[in-house]
Structures are given as C-alpha cells and as structure tokens.
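To keep things clear, I will list the structure first and then write my remarks on it.
Because only heavy atoms are used, hydrogens play no part in the values below, and waters and symmetry mates are left out as well, while side chains stay in.
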Amino acid sequence: MKQSLFIARLRGYVRIQIRGNDCERLIRPMVEGGFSIWDIQAGKDGKLEMYILIKDFFRIRPLLKRTGCRVHVVERFGLPFFMDKIGRRKVLFGGIAAFIISIYVLTSLVWQVTVDGNDRIASSDILQAASKQGIHKFQWKFRLDKTEELSRAIQQQLPSAAWVGVEIRGTHITIKVVEATIPGKGPLKNPRNIVASKSALVTEIQSVKGKPMVKPNTYVRKGAVLISGTIGDEQNSQTVVADGKIRGVVWYTSRIEAPLTKQYKVFTGETEHRRYLVVGSRALQLTGYGKTSFEQFETIPDRKTLAWRSFSIPLGWLHEKIMEVHVVDEPVESANAKKVGMEQARAKLLGAAGEDARIVGEKILHEKTENGKIYIDVHFEVEENIAEEQPIVTQGE
C-alpha cells in the first residue's frame with residue numbers, strides 16, 4: 001500500500017533491495033501484514049527493489065528469517081534522516097544558525113542617523129530632538145514608532161522647521177528637514193545719508209534721491225557725505241532716505257610671494273596592501289601589519305558593504321592600497337612665477353572689492369628674489385562701489 005509522498009517524507013522511508021531465492025514470496029505476506037510498500041521493481045538475479053516506510057522496515061526481519069532472504073538499504077529519505085544528519089553536524093549547523101541570528105540582530109539595529117536639508121537649524125539640535133523620540137545609534141528598529149508619528153513629534157520640537165520627514169532604509173535613518181521661510185528684512189526706511197566707505201577719487205555719482213555733495217574727480221576721505229538725506233534750505237528742510245550710485249578709485253598695495261619651484265608627486269609603482277573586516281564604524285585589520293616601508297606614500301581606500309537591493313548590512317570589508325610616491329621639484333621661470341603671483345593677487349583683490357569692481361591701473365613698486373621665492377610689491381588702482389549708508393540722527397533721539 002503506497003503512502004502519500006508528504007506523509008512518507010515526514011515518517012521517513014527507504015529504498016531497499018531484497019536478495020535471495022524466490023524473493024517474490026515476501027510480497028504476499030507483506031501486503032497481508034499491512035506493510036506500506038510501493039514502486040516494486042524486479043532486478044537481475046531475482047533481486048527485488050522497493051520503497052518501504054521505516055516503521056515497516058523493522059517489521060520485515062521475521063519474514064526474512066522465514067524465507068532465508070537478505071535485505072540491503074539502497075537510499076534513505078525523509079525528516080528522520082535529515083535530523084540525524086543535523087545531529088551529527090551540530091557544529092556546522094550551529095554556526096549557520098548563529099550566523100543567521102547575528103545577521104538578524106545586526107539588521108534590526110539602527111547603525112547610522114543622518115540629517116539632510118537643514119541650513120539654519122543646527123544638526124545637533126535636530127539629532128537631539130530625534131533622540132528624545134528614540135532615534136539614535138544602536139536602537140532596536142522595532143521599538144520605534146511609525147515614521148509619521150516620529151516626524152510629527154520631531155517637528156513639534158523644532159519651531160523653525162516647516163516640515164520634517166523620517167525615512168528608514170535598512171539600518172540607516174535619514175531625517176529630512178524643510179526649514180520655514182523667514183521673511184527678509186525690508187530696506188532701511190529711516191532717514192539716511194550715503195557716505196564714503198573708503199578714501200577714494202570719485203569717478204561716478206548718480207543721485208536717485210537726496211542731495212549730491214560731491215562731483216566726479218573729487219577726492220573724498222572715508223566717512224565723507226556723498227549724497228545728503230537732508231534736502232531744502234535752512235528754513236524749509238526735510239530728511240529723506242538718500243539713494244544713489246557712487247563709484248570711485250581706491251588705492252591698494254599688495255605684497256606678492258611666488259615660489260620659483262613647483263612640487264608634484266610621482267608614483268613609483270611600488271604598492272602595499274592592507275585589508276580590514278568592518279563592522280559598523282569599527283575595523284579589524286586582517287593583513288598588512290607593521291609600519292610601511294615607504295618614506296612618502298598615498299593611501300587609496302576601497303570600502304565595500306554587504307547589501308541587497310536597498311537593504312544594507314553594517315558588515316563589510318576595507319581594502320587600503322598604499323602607493324609609494326616621490327616628490328619632484330620642478331624649477332619655474334621667474335616670468336611665469338611673477339605672472340601667476342600677479343593673477344592670484346588680482347583675483348584676491350577683486351574678490352574683496354565686490355562684484356562690479358575693476359582694476360584700472362597697477363604699478364610694480366619693488367621686486368626681489370630671495371630664498372627660492374620672488375617678492376613683488378604692487379600698487380593697484382581699483383574702481384569700485386564706495387557708497388555706505390549712515391542713519392541721520394536728529395536732536396532728541
């Protein structure tokens with residue numbers, strides 16, 4: 001009688017081979033005795049092969065003695081034999097189970113918390129607000145509330161945030177922040193003068209509102225009134241918000257230092273390697289112990305983390321490639337060094353003077369070469385915006 005395959009696998013069954021004279025005589029008493037046998041096949045030399053349940057296999061001995069036949073187990077199937085293999089390989093299967101459990105534990109923890117989108121709000125304040133809701137390193141993910149509730153609770157602690165979102169991807173939590181828009185300060189509305197921010201030679205003055213006090217090609221000192229916010233005469237006057245555009249030539253003296261040698265690195269081709277096992281933010285060195293034999297070198301890291309799709313595991317490895325380098329000194333011609341130094345000085349000067357500034361003149365005052373460098377003192381003339389606001393303070397204020 002044949003059992004269902006599923007039940008047979010649960011109970012366990014074997015494929016046996018029966019040898020002896022007239023093995024067919026065993027079939028009738030086995031069927032009458034309720035043995036679970038199936039797929040009976042006749043082989044050479046009168047042998048029989050069949051499948052039989054384990055419980056019936058141990059009942060076959062009396063029949064074998066009665067007929068003088070012998071039995072040989074060809075194959076074993078089912079759960080009892082699988083459990084027996086596990087019992088004989090406890091260390092292997094125990095290690096597999098421990099690995100699976102450790103992976104589950106590692107992926108159930110929060111290993112990294114980052115903040116994205118903030119500019120005015122300090123990241124430390126956001127992380128502190130998140131920590132109050134349980135978001136921090138080495139926190140169990142299943143202990144956290146839903147992301148919508150976490151976002152709402154963090155936003156309540158950050159008045160300057162218009163929106164807060166919490167995204168959990170694997171072991172990494174990202175807190176995204178949209179800051180509230182703060183209305184910009186309006187233009188100055190109180191009465192004011194426009195004065196010179198620097199001593200300069202005025203080259204252009206355009207008064208939009210107020211009374212011009214100087215003309216082009218006039219030398220003014222810092223703080224001199226250029227456009228007055230007081231209009232009218234002594235008997236009939238009023239104060240307004242002076243407005244206009246004033247440009248002037250300002251003088252600067254710059255000291256330029258330019259090296260006469262240029263250094264660059266050359267790889268020799270010699271390399272060393274170090275390898276690490278990385279768990280979270282910690283690394284265990286596996287190879288490449290000892291101090292490197294190179295006097296000068298560069299290290300190129302290559303880190304890889306175990307991941308599957310968007311799910312990352314805080315476990316990986318790091319390969320450091322240490323490459324030997326030599327520093328080569330290349331001489332630079334004096335003219336080229338001087339040119340590079342002048343360009344750097346112009347760029348620095350225009351960056352400090354403002355977007356609309358321009359150099360209208362330059363003159364080398366002194367030049368010398370000393371200690372492998374060229375030193376140049378340069379006088380620059382820069383045309384730039386020299387307007388600066390100055391509130392008008394009336395008596396009694």
Side-chain angles (χ1 to χ4, degrees), residues 116-123 179 181-188 192-208 210 212-227 241-265 327 329-391:
D116 184 28
N118 62 310
D119 185 21
R120 298 185 304 273
I121 306 175
S123 297
E179 297 177 332
T181 302
I182 300 176
K185 295 182 179 180
L188 187 63
R192 63 182 177 179
N193 296 323
I194 294 181
V195 300
S197 60
K198 302 173 183 177
S199 298
L201 178 67
V202 178
T203 58
E204 178 185 1
I205 179 167
Q206 297 178 6
S207 176
V208 177
M213 302 300 291
V214 296
K215 295 181 179 181
N217 299 320
T218 302
Y219 176 78
V220 295
R221 293 186 178 276
K222 180 179 179 180
V225 178
L226 304 178
I227 300 177
V241 179
D243 189 16
K245 177 182 179 183
I246 306 99
R247 293 174 62 82
V249 174
V250 184
W251 299 274
Y252 299 93
T253 300
S254 300
R255 164 59 70 95
I256 299 171
E257 295 182 12
L260 294 175
T261 58
K262 181 175 66 174
Q263 291 186 339
Y264 60 93
K265 296 178 180 179
V327 178
D329 293 330
E330 180 182 4
V332 179
E333 293 184 3
S334 177
N336 290 336
K338 179 179 176 180
K339 181 180 178 181
V340 172
M342 291 289 288
E343 290 176 352
Q344 293 176 349
R346 293 188 194 106
K348 183 178 180 181
L349 189 60
L350 291 176
E355 296 182 356
D356 58 347
R358 66 187 184 95
I359 297 175
V360 296
E362 59 186 37
K363 182 180 179 181
I364 296 177
L365 302 177
H366 180 68
E367 179 179 340
K368 69 175 181 178
T369 302
E370 190 177 72
N371 298 326
K373 292 184 179 181
I374 183 170
Y375 298 89
I376 308 171
D377 293 329
V378 186
H379 177 77
F380 289 103
E381 295 180 359
V382 181
E383 185 183 27
E384 60 184 272
N385 177 27
I386 60 171
E388 185 178 57
E389 298 173 355
Q390 182 188 66

What closest approach, in Å, do [X] and [Y] show between heavy atoms, and which atom pair accounts for it?
{"X": "Trp251", "Y": "Ala200", "answer": "CZ3-CA, 3.9 Å"}
{"X": "Ala357", "Y": "Val382", "answer": "CB-CG1, 4.0 Å"}
{"X": "Ser197", "Y": "Asn385", "answer": "OG-O, 4.3 Å"}
{"X": "Ala196", "Y": "Arg221", "answer": "CB-O, 3.6 Å"}
{"X": "Val332", "Y": "Pro259", "answer": "CB-O, 4.4 Å"}
{"X": "Pro216", "Y": "Ile205", "answer": "CD-CG2, 4.0 Å"}

Does [X] reach the main-chain N or O of [Y] with its side chain, forming a donor-acceptor pair under 3.5 Å?
{"X": "Glu179", "Y": "Asp119", "result": "yes"}
{"X": "Glu330", "Y": "Tyr264", "result": "no"}
{"X": "Arg346", "Y": "Ile359", "result": "no"}
{"X": "Arg192", "Y": "Ala242", "result": "yes"}
{"X": "Thr369", "Y": "Ile374", "result": "no"}
{"X": "Glu383", "Y": "Thr203", "result": "no"}

With a 4.5 Å heavy-atom cut-off, do [X] and [Y] have their side chains touching?
{"X": "Tyr375", "Y": "His366", "answer": "no"}
{"X": "Asn118", "Y": "Ser123", "answer": "yes"}
{"X": "Ile386", "Y": "Leu226", "answer": "yes"}
{"X": "Leu260", "Y": "Pro331", "answer": "no"}

Approximate separation, where rounding is to 0.5 Å, of [X] [atom1] and [Y] [atom2]:
{"X": "Glu333", "Y": "Lys339", "atom1": "CD", "atom2": "NZ", "value": "11.5 Å"}
{"X": "Lys245", "Y": "Ile194", "atom1": "NZ", "atom2": "CD1", "value": "12.5 Å"}
{"X": "Leu201", "Y": "Thr218", "atom1": "CG", "atom2": "OG1", "value": "7.5 Å"}
{"X": "Thr261", "Y": "Lys373", "atom1": "OG1", "atom2": "NZ", "value": "9.0 Å"}
{"X": "Lys348", "Y": "Tyr252", "atom1": "NZ", "atom2": "OH", "value": "12.5 Å"}
{"X": "Arg255", "Y": "Ile376", "atom1": "CZ", "atom2": "CD1", "value": "10.0 Å"}

Check your understanding: Are Met213 and Asn193 close enough, and set up right, to give a side chain to side chain contact (heavy atoms under 4.5 Å, CB included), and what steps lead you there?
Key -> CA-CA 10 Å; Met213 302 300 291; Asn193 296 323; over 6 Å; no

Exercise for review: Using a cut-off of 6.0 Å, state whether more than 12 heavy atoms not belonging to Lys198 lie near its atom NZ.
Suggested key: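 Correct, the count exceeds 12.
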
**Study point:** With sequence neighbours excluded, residues passing side chain to side chain donor-acceptor pair (under 3.5 Å) with Lys265
**Key:**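 Lys265: side chain to side chain donor-acceptor pair (under 3.5 Å) contacts with Glu298.
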
